[in-house]
Amino acid sequence: MAPPLSTLSPSTMAVPSFLPSKSFFPKFTSITSITSTPSLQCHSSISEQLHPLSLSLLKEPAQGEAVNSKPTWVNPTKSKPNIISLERQQRTKPASNRNQSASLDPTLIKTLISIPNSDKSLFFSTLSNAFPSPPSQDDALSLLKSFFRHPEKSIFLLGWLEESSFQLETIFYNLVLKSLRAARQWDHIDQIVHQMLDHGPQPDNITYSTVITAAHQCRRFDKAIEWFDRMYSAGVTPDEVTFSSVLKVYGFLGKRQEAFILYERGRAAGWKPDHVVFSILGKLFGDAADQDGMLYVRDEMKRLEIVPNVVVYNTLINGFGRAGRINIAKDLFEEMCQLGVNPDARTLTAILRIYGKHKRNQDAMDVWARMKENRWPVDQILYNTILTMCANLETDLEAERIFEDMKQSQKWRPDKWTYSVMIKLYCRSGKSERAWHLLFEEMPQRNLQPDVTSYTSLIDCLGKQGRVNDVVVVFSAAMKTVPSEIDDLLCCCLLSTMAQCKDEKQMNAILGCIEKANPTLHKLICMLRDKLVGFDEIKKYFRELLNRAPVNVRRPYCNCLIEICTDELGFPSHRPHELFHLGNIYGLYPHIETRRSSEWSVDLRRLSLGAAKAALHDWFESVAEAVEDRESLPPQFRVFTGHGLDRFKSVLTRYFEGYLSESGAPLHKCPEKAGSFVADKDDLLQWLQSRGILQAD
DNA sequence: GTAGGGTTAG
């Protein structure tokens with residue numbers, strides 16, 4: 001029993017609801033060493049694993065039919081409808097009239113291109129003069145190809161050919177569509193394909209794949225899927241290229257399940273996919289950090305005995321890196337080297353980025369040495385990635401050496417990305433003078449326009465040093481050069497500068513910057529300063545601010561706001577607590593409190609100082625509430641503040657040592673667990689009562 | 001761009 005065509009179309013595919021959202025692959029593939037067994041491995045295949053699933057997805061048995069009955073093709077007079085055509089559509093060269101196919105006059109093409117788009121009649125008459133009799137197929141195609149960057153001219157030519165009763169085959173329309181795709185003219189494309197369906201010539205696989213990729217590029221994903229569906233109803237079975245175009249659309253939409261089901265259906269029809277398909281699938285799963293999906297791609301290739309090429313390796317290495325599976329990425333990299341698949345600049349960019357990000361110094365240095373030894377190819381992005389890697393691995397001297405090399409190089413000169421990495425590197429270690437020199441001296445000398453991240457780094461660095469006036473200077477420069485790029489991260493750095501302000505004058509200077517950068521934030525700060533403004537109104541503006549900010553900046557925003565309210569800048573004393581409460585409402589501080597029968601704890605690590613104080617106060621209150629609610633309490637309470645040798649990691653602990661002893665809290669440094677303070681239940685409750693946080697019995 | 005499909009940086 002073959003499914004009716006409509007059930008083959010992807011938009012009507014059922015997606016089983018029991019599949020987990022992160023990865024829909026059953027956990028069947030154990031992660032095995034790739035390098036040790038480059039030959040085919042005997043994994044149980046996913047189609048075997050999903051056998052019962054495929055019965056419900058691939059076929060839709062009639063009611064009453066046993067699920068395990070073997071379907072038979074009962075109507076031999078009709079061909080079996082297929083999901084995919086196993087033969088790729090061949091490009092056909094149209095019959096050409098060799099007598100008239102002399103190369104076209106380049107001045108004619110220039111003349112035609114120079115005709116204003118408003119003057120269609122001049123375009124037509126110029127053509128008619130040049131071709132008293134209809135042009136050959138070859139000439140018409142050459143003309144169309146030379147109009148690739150001039151979609152209006154492509155359309156004109158098509159119109160003129162139609163008028164000249166020229167035999168227009170599908171290839172002519174396909175070329176026009178390509179020209180329109182380059183110009184991102186979606187509506188025009190849609191219109192032309194409809195016209196083809198209505199009046200001919202009929203669209204073929206090349207038409208549909210051009211249309212699907214055009215819809216993708218024009219961000220009309222709904223249309224991409226719609227046209228894929230439509231080709232089945234028009235009786236055109238997609239081939240591998242059209243299939244991969246739509247798989248890519250699914251990838252962009254994050255529709256992994258749909259892509260997987262479509263792929264499996266193609267496979268079930270006997271399709272043997274090529275490298276391009278696997279690289280699309282690899283990216284699709286890699287972008288979602290879906291390890292099982294990527295392992296599936298790898299295993300499928302092994303099953304089909306296809307050795308990945310460099311592009312497939314690149315997508316998989318990137319994907320496993322994104323999923324945090326550094327060792328698998330490393331194994332893949334070593335495997336490709338062993339198999340003689342030469343890494344290119346993108347491979348090296350991928351692997352070095354991963355090693356840098358995850359502090360794999362030794363692995364990084366090893367690859368770098370091999371790069372020099374084997375003279376592996378380099379490009380600008382790879383150069384900058386190596387620099388970023390050095391910054392991540394904190395090998396600043398090496399970074400400086402590479403930077404100097406680049407300045408001397410004729411081929412790989414520093415660009416704005418290079419400068420951004422160096423500025424960040426200097427700012428991280430407090431070398432604001434050097435960063436300043438790069439940003440305001442060297443970059444203009446080299447005619448490089450900094451982007452916002454460089455300004456943000458420098459503002460952050462100067463802010464931490466309390467150089468408020470310099471922060472204002474840098475901000476003004478940013479407003480002048482990149483006003484449209486000023487973002488929430490930069491505003492966060494302005495806020496943290498504000499917490500460093502010594503007096504009203506400094507604070508007003510920063511407030512002035514914030515007013516220009518983000519009026520909502522400015523309004524919120526003014527409200528926070530006004531003791532008459534209530535919680536609900538603060539909540540409304542806070543929410544508005546957070547909703548507009550990207551997810552990764554929301555918590556820093558809240559931290560910084562708590563910070564400025566904590567410092568003695570004239571904010572009402574209850575603001576930090578209110579803001580911390582709001583941060584909790586919006587899920588910015590998850591998993592801070594833990595309650596076990598033996599111990600309750602609060603984890604203040606990774607909080608700013610002010611936020612940590614607010615969190616601790618909040619915790620004391622929640623303990624008091626538990627007492628009042630007669631909950632059973634553990635014998636011990638613990639506060640984590642973290643530990644470490646560097647200044648950043650120990651600052652919270654040192655601060656709390658002072659704070660806790662000043663306030664007489666019975667939390668004492670715990671020798672067994674570094675970076676934490678403990679209190680006995682009775683001592684803590686007594687102290688909470690003495691502070692009025694807990695009512696006396 | 002060879003009438004259609006693939007991979008890199010805060």
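Residue numbers start from 1 in every chain, and the chains themselves are labelled A, B, ... in the order their sequence lines are given, proteins ahead of strands.
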field: Residue list, side chain to side chain donor-acceptor pair (under 3.5 Å) with A:N117, at least two apart or on another chain
entry: A:K153

Polar pair under 3.5 Å, donor/acceptor by atom type, side chain A:D274, base B:dG5: yes

task: Indicate whether OP1 or OP2 belonging to B:dT2 is found under 4.0 Å from a side-chain N or O atom of A:K178.
output: no

statement: Closest of B:dA9, B:dG4, B:dT8 to the A:R91 side chain is B:dG4

message: Would you measure the distance from the P atom in B:dT2 across to the matching atom in B:dG6 and give it in whole Å?
response: 11 Å

- prompt: So what does A:N205 hit on the nucleic acid, given a heavy-atom distance under 4.0 Å: a base, only sugar-phosphate, or nothing?
  reply: base

field: Polar side-chain contact A:R88-B:dG5 base: donor and acceptor under 3.5 Å
entry: yes

message: Please report the distance, rounded to the nearest Å, between CZ in A:F278 and C1' in B:dT7.
response: 16 Å

- line: Considering only heavy side-chain atoms of A:E240, the closest of B:dG6, B:dT8, B:dG5 is B:dG5

field: Euclidean distance, atom OH of residue A:Y355 to atom P of B:dA9 [Å, nearest integer]
entry: 18 Å

message: What is the distance, to the nearest angstrom, from the CG atom on A:D239 to the P atom on B:dG5?
response: 12 Å

message: Under the criterion of centre distance below 5.5 Å and interplanar angle below 30°, is A:F148 classified as stacked on the base of B:dG1?
response: yes

query: Counting just side-chain N and O atoms, does A:R322 come under 4.0 Å of either OP1 or OP2 of B:dT7?
result: no

- prompt: Parallel under 30°, tilted from 30 to 60°, perpendicular over 60°: which one fits the rings of A:F228 and A:Y232?
  reply: perpendicular

task: State which of B:dT7, B:dA3, B:dG4 makes the closest approach to the side chain of A:T242.
output: B:dG4

